[in-house]
Protein chains: 2
Amino acid sequence: MREKKIPLNLNCGLDLIGEVLYGKWKIRLLWFIHEGYRRPSELQRKIPDASRRVLNIQLKELEQHELVSKIIYPVAPPKVEFSLTDFGMTLIPIIAALGNWGDENEERLKNVILKR
Amino acid sequence: MREKKIPLNLNCGLDLIGEVLYGKWKIRLLWFIHEGYRRPSELQRKIPDASRRVLNIQLKELEQHELVSKIIYPVAPPKVEFSLTDFGMTLIPIIAALGNWGDENEERLKNVILKR
DNA sequence: TTGCATAGGGATAAATAATTCCCTATTGTA
DNA sequence: TACAATAGGGAATTATTTATCCCTATGCAA
């Protein structure tokens, strides 16, 4: 998310949450961090379909939005750990609900997504 | 969503729900239909920031994914009505949770989104 | 008869998002 | 010494999504 030409909509709760949660991998990042995968390389391995680059970028945005915090250990080779902030933690039940809905409807969803 | 070059990920519930809910206006469309705004022109007026075109496209995808159904009345001028399917209805509590989280954290979210 | 409301599609342009490839640096291991 | 793992940024390119503009059609009201 760099400068936008199209003005932001921040009119309602759905606009607001959209601003911080849009991004192909953000919800999964939050979820995996919550599950205890805190280092960039671990997250990378959990989400092999995403490019390293995008994960870095989206992690940085999550950090700017105060959903995760980042600790850089001054060692070599470098060590970095992410964790959910208290604020980020409040999203976990909602993300769980999203994932559950997807799991519960797996059959049907695969059908309608792929049928086209 | 036309042909994709990048393969779909349908590994977990989060992937699946992402496939049907991604799209800038889809969640809002579902919500407004749930609130009783069923005609395309009404939805348009509720979401003036979206172009007519995209709303049509996203409504069509929601229909293909069986979250909404569409009735075309054979009259002139044309009349069309959308409604949530039973399947789509099961998303409403989750969408409500998303919206509530956004509303409850309005201050903070506006801050972190705009501070940059 | 002009204009508006209805619904929606095609073509194209613009904006945004994500990928790919290549670069820096350090330490430990084969 | 060469290579892997660690973390991450720059540039360029591709993919995807959304917006803009223009078109069709019908019926009603001023």
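Each chain gets a letter, A, B and so on, in the order the sequences are listed, and its residues count up from 1.
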Engineer: Please list, in numerical order, the residues of residues 44-56 of chain B that have a heavy atom closer than 4.0 Å to any atom of DNA chain C.
Structural biologist: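 Residues of residues 44-56 of chain B that come under 4.0 Å of DNA chain C are, in numerical order, R45(B), R52(B), R53(B), N56(B).
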Engineer: Would you please name every residue forming a side chain to side chain contact (heavy atoms under 4.5 Å, CB included) with A97(B), sequence neighbours left out?
Structural biologist: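 Listed in chain order: I94(A).
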Engineer: For N11(B), enumerate each residue passing the side-chain hydrogen bond (donor to acceptor under 3.5 Å, both in side chains) test, keeping only those at least two apart in sequence or located in another chain.
Structural biologist: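 Partners of N11(B) by the side-chain hydrogen bond (donor to acceptor under 3.5 Å, both in side chains) criterion come out as none, since no residue qualifies.
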Engineer: May I ask you to say what E42(A) touches in the nucleic acid, namely base, sugar-phosphate or nothing, with a heavy-atom cut-off under 4.0 Å?
Structural biologist: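 No contact at all - E42(A) keeps every heavy atom at 4.0 Å or more from the nucleic acid.
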Engineer: Could you state the atom-to-atom distance from OH of Y22(B) to P of dT16(C) in whole Å?
Structural biologist: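 Going from Y22(B) (OH) to dT16(C) (P), I get 17 Å.
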Engineer: Side chains of residues 31-39 of chain A: which donor-acceptor partners sit under 3.5 Å, not counting sequence neighbours?
Structural biologist:
residue	atom	partner	partner atom	Å
W31(A)	NE1	E35(A)	OE2	3.4
R38(A)	NH1	F82(A)	O	3.1

Engineer: Sort and list the pairs that fulfil side chain to side chain donor-acceptor pair (under 3.5 Å) and have at least one residue in residues 73-92 of chain A, not counting sequence neighbours.
Structural biologist: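 Sorted pair list: S69(A)-S83(A), Y73(A)-E81(A), T90(A)-W101(B).
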Engineer: Would you kindly give the CZ-to-C1' distance between R39(A) and dA5(D), to the nearest whole Å?
Structural biologist: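 It is 9 Å, rounded to the nearest whole Å.
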Engineer: Going by salt bridge (Lys or Arg N to Asp or Glu O under 4.0 Å), name the pairs with one or both residues in residues 91-103 of chain A, residues two or more places apart or in two chains.
Structural biologist: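 Not a single pair qualifies under salt bridge (Lys or Arg N to Asp or Glu O under 4.0 Å).
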Engineer: Write down the protein N/O and nucleotide N/O pairs, taken from nucleotides 28-30 of chain D, whose separation is under 3.5 Å; answer none if there are no such pairs.
Structural biologist:
none

Engineer: Among all residues two or more places apart in sequence or in another chain, which pass the salt bridge (charged side-chain N to carboxylate O under 4.0 Å, His left out) test with K110(A)?
Structural biologist: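 By the salt bridge (charged side-chain N to carboxylate O under 4.0 Å, His left out) rule, K110(A) matches E106(A).
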Engineer: Using a cut-off of less than 4.0 Å, is there contact between a side-chain N or O of S41(A) and OP1 or OP2 of dA5(D)?
Structural biologist: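 So the side chain of S41(A) is outside the cut-off, no N or O lying under 4.0 Å from OP1 or OP2 of dA5(D).
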Engineer: Is there a side-chain contact between K60(A) and the phosphate of dG9(D), meaning an N or O under 4.0 Å from OP1 or OP2?
Structural biologist: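 Yes, K60(A) has a side-chain N/O under 4.0 Å of OP1/OP2 on dG9(D).
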Engineer: Whole angstroms only, please: what is the CG-C1' distance between N9(B) and dA17(C)?
Structural biologist: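 Roughly 15 Å, once rounded to whole Å.
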Engineer: Starting at atom CZ of R28(B), determine the distance to atom C1' of dT18(D), rounded to an integer number of angstrom.
Structural biologist: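 Going from R28(B) (CZ) to dT18(D) (C1'), I get 14 Å.
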Engineer: Rounded to the nearest angstrom, tell me the gap between atom CD1 in I72(A) and atom C1' in dG9(D).
Structural biologist: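 Answer to the nearest Å: 13 Å.
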Engineer: To the nearest angstrom, how far is I57(A) atom CD1 from dA11(D) atom C1'?
Structural biologist: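 Checked: the CD1 to C1' distance equals 12 Å.
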Engineer: Find the distance L8(B):CG to dA15(D):P and express it as a whole number of Å.
Structural biologist: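 Atom-to-atom, L8(B) to dA15(D), this comes out as 15 Å.
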Engineer: How long is the line joining NZ of K79(B) and C1' of dA5(C), in whole Å?
Structural biologist: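 For the pair K79(B) NZ and dA5(C) C1', the rounded distance is 14 Å.
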Engineer: Will you find, in the side chains of D15(A) and N9(A), an N or O donor that is under 3.5 Å from an N or O acceptor?
Structural biologist: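 Per modelled atom types, D15(A) and N9(A) side chains form no pair under 3.5 Å.
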Engineer: Any ring-ring contact (aromatic ring centres under 6.0 Å, His included) involving residues 38-63 of chain B? Give me the pairs, sequence neighbours left out, ordered by first then second residue.
Structural biologist: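 For residues 38-63 of chain B, and leaving out neighbouring residues, there are no ring-ring contact (aromatic ring centres under 6.0 Å, His included) pairs at all.
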Engineer: Would you call K24(A) and V54(A) a side-chain contact if the rule is heavy atoms closer than 4.5 Å?
Structural biologist: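 Heavy-atom side-chain distance check fails, nothing below 4.5 Å.
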Engineer: Could you work out which one of dA7(C), dT16(D), dT18(D) sits closest to the side chain of P78(B)?
Structural biologist: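 Out of dA7(C), dT16(D), dT18(D), the nucleotide with an atom closest to P78(B)'s side chain is dA7(C).
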Engineer: When all nucleic acid strands are considered with a 4.0 Å heavy-atom cut-off, which category describes E81(B): base, sugar-phosphate, or nothing?
Structural biologist: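 Contact class for E81(B): none.
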Engineer: Would you tell me if any nitrogen or oxygen in the side chain of K70(B) comes within less than 4.0 Å of OP1 or OP2 on dA7(C)?
Structural biologist: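 False: K70(B) side-chain N/O out of range (4.0 Å or more) of dA7(C) OP1/OP2.
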